[in-house]
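Encoded as structure tokens, the structure appears first; notes follow it.
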Amino acid sequence: MHHYTRTLKLFCLAILLCLLFQPAMAQKTPVSRLSSSDSIKIETLLSKMTLDEKLGQLSLFASDWDVTGPILNSNYKQLIRDGKVGAILNAYTVDFVKPLQKMAVEESRLKIPLIFGYDVIHGHRTIFPIPLGQAASWDLLSIEKAEQISAMEASAEGINWTFAPMVDIARDPRWGRVSEGAGEDTWLGCRIAEARVRGFQGKGYADGRHVLACVKHFAAYGAPLGGRDYNTVDISSVSLYETYLPPYKACIDAGVATLMTSFNEINGVPSTANRWLLTDLLRKEWGFRGFVVTDYLSINQMVNHGNAADVKDAASLAMNSGVDMDMMGSAFLEHIPALLKEKKVKIADIDEAVRRILTTKIQLGLFDDPYRFCNKQREQTEIMTKESLDFARKLVAESCVLLKNDHQTLPVPASVKTIAVIGPLGDTKKEMLGNWIAAGQWEKCVSLLDGIRNKCGDKVRVIYEKGCAINDNELSGIDAAVKAAGEADFVLLALGEGGEMSGEAASRTSIELPGVQNQLAAAVVKTGKPTAVVLFNGRPLAISYLNDIAPAILETWFGGTQAGNGIADVLFGDVNPSGKITMSFPRNTGQIPVFYNCKNTGRPFNPDGPKDKYVSQYLDCPNTPLYPFGYGLSYTSFSYSGIKAVVVGNTITITSNVTNTGDRDGEEIVQLYIQDKVGSITRPLKELKGFKKLLIRKGDTVSVSFTLTAADLAFYHPDLKKYWEPGEFNAFVGGSSDKVISAPFKL
Ligand code: GLC
């Protein structure tokens, strides 16, 4: 074909593609729209690519810089030179990344630049509190800022793609990955997911300080049977749509650039081979235009699932379902050529996947400058800056949740002369990072003991005793701990889990305090010294015993680099705690799942009603959790009054007064819940529909107002249509899902 005709043909094809894509590009994607010249560039490149080079773009391999799973193909450098790699994961620092990019853009035949991905889950070098901790701040701007800093630091070290946000709704704290998410509520999960995408991606990547986000794990990975990671997910379609899908959709509406499939099956079909999920829903119904990457080896693992006879079969299923990129499996590279010959996959699907990946690389600016994320100067000046560390410290404090504070035990009184820090989490930097610590450097962390000593200086004597290990049965250290408590006039008990006891492949059948920590706590509390527990954990823990014996408990999650300083700011009253948990804490493991937005059932237990055997209850435990969703105390106190719900047309305005009844200023997270009293589908007793985080001066009363429309009351029906039903409703406003005032309204 004459060269001129070929170019003209390509030009027309590109224009056609632009017209086709235009409506779908209407989603709020923060990246610049593809110009017609870029479309031509893609089509021209595509027309030159061999099948292997196309499949290379669809293949993601790990470098040997960091390892987050099994390695099937270790010769990634030769694969890069052969043009058989589209992206690399687990590689960072300019010195390590730049040579790899150089191999791609100077040694491969078509010189297509690589994308570099990494699990920047709660910070890159500056590590922030784990996402479940950040969620407890309910501070969307702070959560967005944390991701913006994470993106700035990651992009300064060669990374331009993060495998975050994880938005899997979860109600089973036995599942270790609850630490990576935003908790049990779908509405809040959506708001936090959007904030995280905005933080990572900004308004586009032109400044080189933002990265592609990757919403994961699509879909419903947070609902494994038994809370056991990677286990089967079997839920109703209504639950899937009502509870689990919305946060992924929220990310897509926020313009997320990529999406990761989940390991699990949904109702019998693994996500990675689920055409309904990845094409009918994701592409056709939701209009997602980014690219879909599998989770680690999840194509190959379909053989284990038993829905593919071999990896070749799995590759065919994945390609025909809508997967664009194969993480680590080499399944596309090795098997698509034969599948193509056997007409089991279509070149059109392969080309479409390549287009999506090349489009993303153009949007990242990598064709203009493959080294734009390899800036030595930025690497030296924009990482762990004072501003970032100061912000991290602030977010640690904002993420803390005061769970108990009898007799105003906290803040630590100014009169205290000797503080004993006791417990296995008191003097450890490493555990402060939690899990998915990416490039975090634990040696740069501030431990609790460091933070206390930084705060006290030489004014207060601080002693430390470990007392026991995090998770063994050795009791011999308890005597020394009791002795240290005896010498002190205030005790801080640093208890909880190890950082790796939550996160991936870290499910627990018991979510009690591990080891002999309860015994340590009992012995120390028995001394009668004022004692506050500082809790470090990646999941809700069943700490009923601790709650019975300890006068005060501060939940601090895993706070990251500035953990000790941020926690000390709260313990000593420089910050008034305002956090509220976003995942219920069960009284014991047997109570799981327990969550606030549950149904009433036909035989509801009524705590205020007459005793009745035949109701939904346990013989040995109340139905209510130890601490409910939305709960968290303050050093001051708040009261609610005067709630009103006014309906005008299909708009409902709910107002209430909130009074700071204590003796110090404080922030309150005012929560709005709704109950639809009668529905053709049973409705939860409460559903979060809004919140406001307000600073209320001591003694002040503020009026807070929320506006909803009927659309906010819509829910999914068995035909999966979403609409609201007229009838009677209750509006609730309060500082916790179990402490609200209410007002009825009709629609
Ligand atoms: C892991 C995780 C996923 C992560 C990926 C890359 O197995 O499931 O969340 O992003 O592999 O490390």
For [X] and [Y], does a side-chain donor sit closer than 3.5 Å to a side-chain acceptor?
| X | Y | answer |
| --- | --- | --- |
| S637 | T661 | yes |
| D738 | S736 | yes |
| H717 | E242 | no |
| T701 | T659 | yes |
| T709 | N650 | no |
| N274 | S321 | no |
| S634 | R664 | no |
| S737 | Q671 | no |
| E555 | N537 | yes |
| Y596 | E687 | no |
| T582 | E184 | no |

At what distance, to the nearest 0.5 angstrom, does [atom1] of [X] lie from [atom2] of [Y]?
| X | Y | atom1 | atom2 | value |
| --- | --- | --- | --- | --- |
| S150 | F200 | OG | CZ | 5.5 Å |
| L282 | K249 | CG | NZ | 10.5 Å |
| Y244 | T186 | OH | OG1 | 8.0 Å |
| D569 | D574 | CG | CG | 5.5 Å |
| K677 | N600 | NZ | CG | 11.5 Å |
| L546 | L535 | CG | CG | 7.0 Å |

Any heavy-atom pair between the side chains of [Y] and [X] that's under 4.5 Å?
| X | Y | value |
| --- | --- | --- |
| L132 | P540 | yes |
| D712 | F706 | no |
| L694 | V702 | yes |
| V256 | Q201 | yes |
| V401 | Y627 | no |
| Y631 | F585 | no |
| F288 | L259 | yes |
| F218 | T261 | no |

Item to check | side-chain hydrogen bond (donor to acceptor under 3.5 Å, both in side chains) between K644 and T655, worked out | outcome: CA-CA 5 Å; K644 291 192 189 68; T655 54; 5.2 Å; no
So which atom in [X] and which in [Y] form the shortest heavy-atom distance, rounded to 0.1 Å?
| X | Y | value |
| --- | --- | --- |
| I235 | A220 | CD1-CB, 3.9 Å |
| T707 | T653 | OG1-OG1, 4.0 Å |
| I741 | S656 | CD1-OG, 3.7 Å |
| G649 | L747 | O-CD2, 3.7 Å |
| I121 | A164 | CD1-CB, 4.1 Å |
| Y635 | V570 | OH-O, 2.7 Å |

Checklist entry - Between I266 and L277, does a side chain to side chain contact (heavy atoms under 4.5 Å, CB included) hold up when you go through it step by step? => result CA-CA 9 Å; I266 300 177; L277 190 72; 4.2 Å; yes
Checklist entry - Step by step, would you call R177 with S502 a side-chain hydrogen bond (donor to acceptor under 3.5 Å, both in side chains)? => result CA-CA 6 Å; R177 302 200 75 166; S502 58; over 6 Å; no
Next on the checklist: Taking the basic N atoms (NZ, or NE/NH1/NH2) and the acidic carboxylate oxygens, is any pair closer than 4.0 Å for K721 and D719?
Outcome noted: no
Next on the checklist: I'd like to know if D700 and K698 make a salt bridge, using a cut-off of under 4.0 Å between side-chain N and carboxylate O.
Outcome noted: no
Using a 6.0 Å distance limit plus a 45 degree cone around the ring axis, check whether [X] lies over the aromatic ring of [Y].
| X | Y | answer |
| --- | --- | --- |
| K216 | W436 | yes |
| K722 | Y241 | no |
| R283 | W286 | no |

Item to check | H217 and Y221 aromatic ring geometry - parallel, tilted or perpendicular at 30°/60° bounds | outcome: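 If you compare the ring of Y221 with that of H217, the planes turn out perpendicular.
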Item to check | ring pair (Phe, Tyr, Trp, His ring centres under 6.0 Å) between F629 and W138, intermediate numbers included | outcome: CA-CA 12 Å; F629 175 88; W138 296 54; 5.7 Å; yes
Next on the checklist: Check this for me: R697, atom CZ, are more than 12 non-hydrogen atoms of other residues, nucleotides or ligands nearer than 6.0 Å?
Outcome noted: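 No.
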Checklist entry - How far apart are the C-alpha atoms of N657 and Y640, what are their side-chain angles, what is the distance that settles it, and do they pass the side chain to side chain contact (heavy atoms under 4.5 Å, CB included) test? => result CA-CA 6 Å; N657 297 322; Y640 288 75; over 6 Å; no
Next on the checklist: Show, in sequence, the C-alpha distance, side-chain angles and deciding distance for E668 and S578, and conclude whether the side-chain hydrogen bond (donor to acceptor under 3.5 Å, both in side chains) test is met.
Outcome noted: CA-CA 6 Å; E668 172 69 332; S578 60; over 6 Å; no
Checklist entry - Applying the side chain to side chain contact (heavy atoms under 4.5 Å, CB included) test to F732, which of K686, K739, K689 qualifies? => result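 Single pass found, and it is K686.
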Item to check | side chain to side chain contact (heavy atoms under 4.5 Å, CB included) between L403 and L554, worked out | outcome: CA-CA 6 Å; L403 297 174; L554 182 69; over 6 Å; no
Checklist entry - With distance as the sole test, does N264 use its side chain to make a donor-acceptor pair with the main-chain N or O of T232 at under 3.5 Å? => result no
